[in-house]
Amino acid sequence: AAAAKKAALKGVHGKSVRKVRTSTHFHLPKTLRLSRKPKYARKSVPHLPRMDQYRVVRNPLNSETAMKKIEEHNTLTFIVDVKANKHQIKDAVKRLYDVEALKVNTLIRPDGKKKAYVRLTADVDALDVANKV
Amino acid sequence: MVAVKAYELRNKNKAELLKVLDEQKQELASLRVQKVAGGSASKLHQIGLARKNIARTLTVINQTQREQLRLFYQKKKYIPLDLRVKKTRAMRRALTPFERKLKTEKQKKKENHFPLRKYAVKA
């Protein structure tokens with residue numbers, strides 16, 4: 001009872017313990033981080049893949065230098081979408097023509113299109129693949 | 001090359017539509033190859049048709065998808081943002097008709113006690 005009267009008179013802030021600070025620097029305290037639980041999807045339906053294999057590879061090249069590359073170096077040359085990267089090109093060629101690419105070299109032509117040299121693995125013949133297409 | 005008809009496409013289900021889309025894209029790819037290899041004029045004409053076919057297929061796919069989703073969300077409270085009414089930004093933030101209609105008690109009493117009277121003067 002006496003303690004209650006004392007608390008009522010003084011207010012309840014009498015005792016407060018000081019935190020022990022072991023370093024002079026103040027670092028961000030760790031707080032609660034909640035994961036997202038959206039009440040509705042922002043977009044009703046996710047888009048179909050925008051860079052599918054048909055978008056990446058536009059058409060093969062059949063210039064004289066391209067033919068040389070097919071015969072001598074076992075590589076195919078394609079005109080490719082400018083926004084495609086080498087991983088996408090490799091994947092697209094695999095899906096379209098069922099061939100594995102050893103490496104892909106790309107360059108952007110002066111007329112703004114992207115050219116890709118796709119070197120095929122040794123067990124496939126570039127000439128066969130080119131004739132099939 | 002056959003022009004794909006939209007009303008025929010609408011009877012198909014999603015898997016078949018995606019297959020049709022894939023076939024059309026393959027056709028377009030082969031036409032592009034022929035263009036590079038010096039195709040005839042008729043083949044080049046087909047390229048335009050192929051592109052429109054792809055567009056038609058995609059339209060049907062997206063239209064039916066969104067229609068179904070609207071049905072699904074009809075009774076729900078929160079709907080996705082692209083299914084909501086578009087109008088304009090200002091109109092979406094404007095007061096609703098109910099909110100515009102609201103009156104204070106004071107105003108209601110005034111209108112009740114002192115309505116607009118109609119009268120005529122005898123000639």
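Numbered from 1 within each chain, the chains take letters A, B, ... in sequence-line order. Heavy atoms only: backbone and side chains are in, while hydrogens, waters and symmetry mates are out.
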For A:Arg109, look at atom CZ and say whether over 12 heavy atoms of other residues, nucleotides or ligands are found less than 6.0 Å away.
-> yes
Output yes when B:Glu23 and B:Lys19 qualify as a salt bridge under the 4.0 Å nitrogen-oxygen rule, no when they do not.
-> yes
Run the salt-bridge test on B:Glu105 and B:Lys108 with the 4.0 Å N-O cut-off and return the result as yes or no.
-> yes
Heavy-atom pairs under 4.5 Å with chain A, option from B:Leu69, B:Leu58, B:Ile61, B:Leu18 with the top count | B:Leu69
Going by an N to O cut-off under 4.0 Å, is there a salt bridge joining B:Asp82 and B:Arg66?
-> yes
Given a strict heavy-atom distance threshold of 4.5 Å, which part of B:Gln26 is in contact with chain A: side chain, backbone, both, or neither?
-> both
Other residues, nucleotides, ligands: >12 heavy atoms within 6.0 Å of B:Glu8 CD | yes
Go through the atoms of A:Leu48 and report whether side chain, backbone, both or neither lie under 4.5 Å from a heavy atom of chain B.
-> side chain
Taking the side chain as every heavy atom from C-beta outward, state whether A:Val57 and A:Val80 have any atom pair closer than 4.5 Å.
-> yes
Proximal component of B:Leu81, with respect to chain A [non-hydrogen, under 4.5 Å] = both
Can you say whether A:Arg58 sits under 4.5 Å from chain B via the side chain, the backbone, both, or neither, judging by heavy atoms?
-> both
Between B:Asn62 and chain A, which part of the residue has a heavy atom less than 4.5 Å away: side chain, backbone, both or neither?
-> neither
Does any heavy atom of chain A fall under 4.5 Å from the side chain of B:Arg70, the backbone, both, or neither of them?
-> neither
